[in-house]
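Residue numbering restarts at 1 for every chain, and letters A, B, ... go by the order of the sequence lines. Hydrogens, waters and symmetry mates play no part in the numbers below; they use all other heavy atoms, side chains included.
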Amino acid sequence: MTEVRVHHRPISTWWWTRKPTYFVFVMRELSSIFVAWFVVYLLMLVYAVGRGEAAYEDFLAWAATPWVVVLNVVASLFLVLHVVTWFNLTPQAMDVRIRGQKAPASLVVASQYVGLAVVSAFVLWLVTR
Amino acid sequence: MTARRPRKRRIEPLVWLMFSGGGVMAAVFLPVLVFLFALAFPLGWISPPDHDHLLAVVGHPVTFLFLLGMFVVLLVHSAHRFRYTLYDGLQLKRKRMVAVLCYGAAVVGSIAAVVVLWAAT
Amino acid sequence: MADSIRLEVTRYRPEGDSGPEVQEYDVPLRKEWTVLDGLNHVKDEVDTTLAFRWSCRMGICGSCGMNVDGEPKLTCATFLSDYAPGPVRVEPLANFPIVRDLVVDLYDFMEKLPRVKPWIIRDDDLTVIDGEYLQTPEELDAYKQFSMCINCMLCYAACPVYGLDPEFIGPAAIALAERYDLDSRDRGARERLDVLIEHEGVWGCTFVGECTRVCPKHVDPAGAIQRYKLKAAKENVMAFLLPRGAR
C-alpha cells in the first residue's frame, strides 16, 4: 500500500465558541459547577439551622449580602438552563412507551414540568406551613 | 457460538446512573429549594420560616435520608459533568488525575454532607 | 439574484510541503444548483485538479459529505442559493485527516464499524432451505429509523467528542449497533454490549446532540447512545444482583 501523507487538523481550545449549539452545550455542562455550589450552600444552611436560631438568622443575613445574591442569581440562571435542557433531552434519551406505543416527545416533556410543579408545591407547603 | 463469559464488573454504569439520578434531582427538587432559600427568604420576598419549624423538618429521619441521598447524587452529577467539561472544553490530557480530583471532591462533599446532616438532627 | 457565487474551497496537495490552503472559484448561481453542482462546474470548466468524492447526487450514497460554512452537509442536498450572496466556505469533513483537497481519510471508521458487529447474529444456523425469518410490520418499525444510516460521516464531523478523543467509537457505529439490537431476528445484543460497554464505547459521549442535528437521514444517533447507556447500566445492575447466570 502506498503511504499517503494525510493532513491532521488541530482542534482549537475555543472550538465551542464557533457554533451556537456547541456554546449552549458547554454552558449546559458548566451548570454542574453551580449545582455543586448549591449543594454547598444548602449544607451551610442545614449546618446553621442545626447550630441554633442565632446562626440561622446570621445565615439569612449573610445570604442577603450583595456578592452572595449576585452569585446565587447567576447560579440560578445556570440551574434554569439545566432544567430546560434536561427535560428537553429526556424523550430522546429514554424510550417512553404507553401501552406499547411510543409516547410523543411533547407529552414526556410536559409531564416532567408537571412533576416539577407538584414537587415545588409540596416543598413550599412543607417549609412554610 | 462462543460460551458466555462472565461479564466484568464496571464502574462506569453505576457512575452514569448516579449522574442521571442527580440530573433529575437537580431539575426537579433543586429549583424550589434554591428559589426559597437562596432568593425568596434572604431577600424577604417571602417571610422566612421560623427556626423551630425548620429544625423540626430537617431533623426528621425521612428528611435526613432524603437530603443525604439528594446531596450525594447531586455531587456525583456535578463531578461527572465537570470532568467531561474539562476533557472537552479545555482538552486536558491528564485524564486520570482530572477524574480522581472530580470524583474525589464528590466523595469529600458526601462525607461532609453526612457530618453536617448528622449534627443538625 | 446575482448570477454567480464565490466558493472558498480548501485545497491540500499531499505532495507539496505546505498545509491546506483556500482557493476561490466563482461559479454560476442557479436556483436548482447544489454545492456539489458548483464543485462539478469547477472540475469540468475551471480547474480539473480539484479532488472531491461524490456519486449518486440524490442523498443516498453518502459520499459527498463536506463542511459547508462550518456545518457538515451532504453537498448534493445543499443549495447554493441558500448561501447567496456568498461566499460559501467548502471544507473537507471536520475531525478526519485530509487526503487531498476535499477528500478525507475514513480508515478509522472502517476499522471501528465491524467492531460493533453490524449484521444479524443468530444462535442457530438456518440455511435457505429452512425458510426465511419472518418479521411483522411492528418489528420492522422498531429498528427502521436506525437502518436509514448511509455512513456519510456527517455525525462524526459534528461530534466534538470524536474530534477530541479519536478512541471514541462514534455516533454512526453505535446507532448501527442499536439497529441490529432492535431487530427481532437478531440475537447478538450481548456481543455488541461487550464492545460498547468499554470506555471508548458509549461512556465517552456527553450528549452534545449534534450528530442527530446534522444527520440527513434523521437516524438520531444521540438518542441511540443514551438508550444504550441505560441498557448497559441495567445489564450491569442485573449482573450485580444476580451474579451467576440467572439471566
Evaluate whether atom [atom1] of [X] has more than 12 neighbouring non-hydrogen atoms of other residues, nucleotides or ligands under 6.0 angstrom away.
X: B:W118; atom1: CH2; value: no
X: A:R97; atom1: CZ; value: yes
X: A:M27; atom1: CE; value: yes

Less than 4.5 Å to any heavy atom of chain B: does that hold for the side chain of [X], its backbone, both, or neither?
X: A:S31; result: side chain
X: A:Y113; result: neither
X: A:L124; result: both
X: A:S12; result: backbone
X: A:F34; result: neither
X: A:I33; result: side chain
X: A:L71; result: neither
X: A:R51; result: neither
X: A:L126; result: both
X: A:Y47; result: both
X: A:W15; result: side chain

Kindly give the heavy-atom pair with the smallest separation between [X] and [Y], and that separation in Å.
X: A:L43; Y: B:V116; result: O-CG1, 3.4 Å
X: A:L79; Y: B:A26; result: CD1-O, 3.7 Å
X: A:E29; Y: B:T85; result: CB-OG1, 3.2 Å
X: A:L60; Y: B:P48; result: CD1-CB, 3.7 Å
X: B:P31; Y: A:L116; result: CG-CD1, 4.0 Å

What distance do [X] atom [atom1] and [Y] atom [atom2] have between them, rounded to the nearest 0.5 Å?
X: B:D50; Y: A:T128; atom1: CG; atom2: OG1; result: 11.0 Å
X: A:R28; Y: B:R81; atom1: CZ; atom2: CZ; result: 5.0 Å
X: B:H77; Y: A:W86; atom1: NE2; atom2: CH2; result: 5.5 Å
X: B:L74; Y: A:S32; atom1: CG; atom2: OG; result: 11.5 Å
X: A:L42; Y: B:M70; atom1: CG; atom2: CE; result: 6.0 Å
X: B:L54; Y: A:Y56; atom1: CG; atom2: OH; result: 5.0 Å

Max heavy-atom pair count under 4.5 Å with chain A, selected residue of [options]:
options: B:A120, B:A105, B:S78; result: B:S78
options: B:F29, B:Y84, B:F35; result: B:F29
options: B:S20, B:A79, B:S47, B:A56; result: B:S20

Determine whether B:H53 and A:R129 satisfy the following criterion, side chain to side chain contact (heavy atoms under 4.5 Å, CB included), listing intermediate values before the conclusion.
CA-CA 9 Å; B:H53 173 64; A:R129 88 196 141 114; 4.0 Å; yes

Quick one: what part of [X] sits under 4.5 Å from any heavy atom of chain A, side chain, backbone, both or neither?
X: B:V57; result: side chain
X: B:L39; result: side chain
X: B:L36; result: side chain
X: B:V115; result: neither
X: B:F64; result: neither

For B:D88 and A:F25: C-alpha separation, side-chain torsions, deciding distance, then whether side chain to side chain contact (heavy atoms under 4.5 Å, CB included) applies.
CA-CA 11 Å; B:D88 299 343; A:F25 158 71; 4.3 Å; yes

List for me each residue that meets side chain to side chain donor-acceptor pair (under 3.5 Å) alongside A:D58, sequence neighbours excluded, and say none if there are none.
none

Would you check if A:V127 and B:F37 make a side-chain contact, meaning some heavy-atom pair closer than 4.5 Å?
yes

Is the closest side-chain heavy-atom distance between A:Y41 and B:V34 below 4.5 Å?
no

Check whether the ring centres of B:F82 and A:W37 lie less than 6.0 Å apart, and answer yes or no.
no

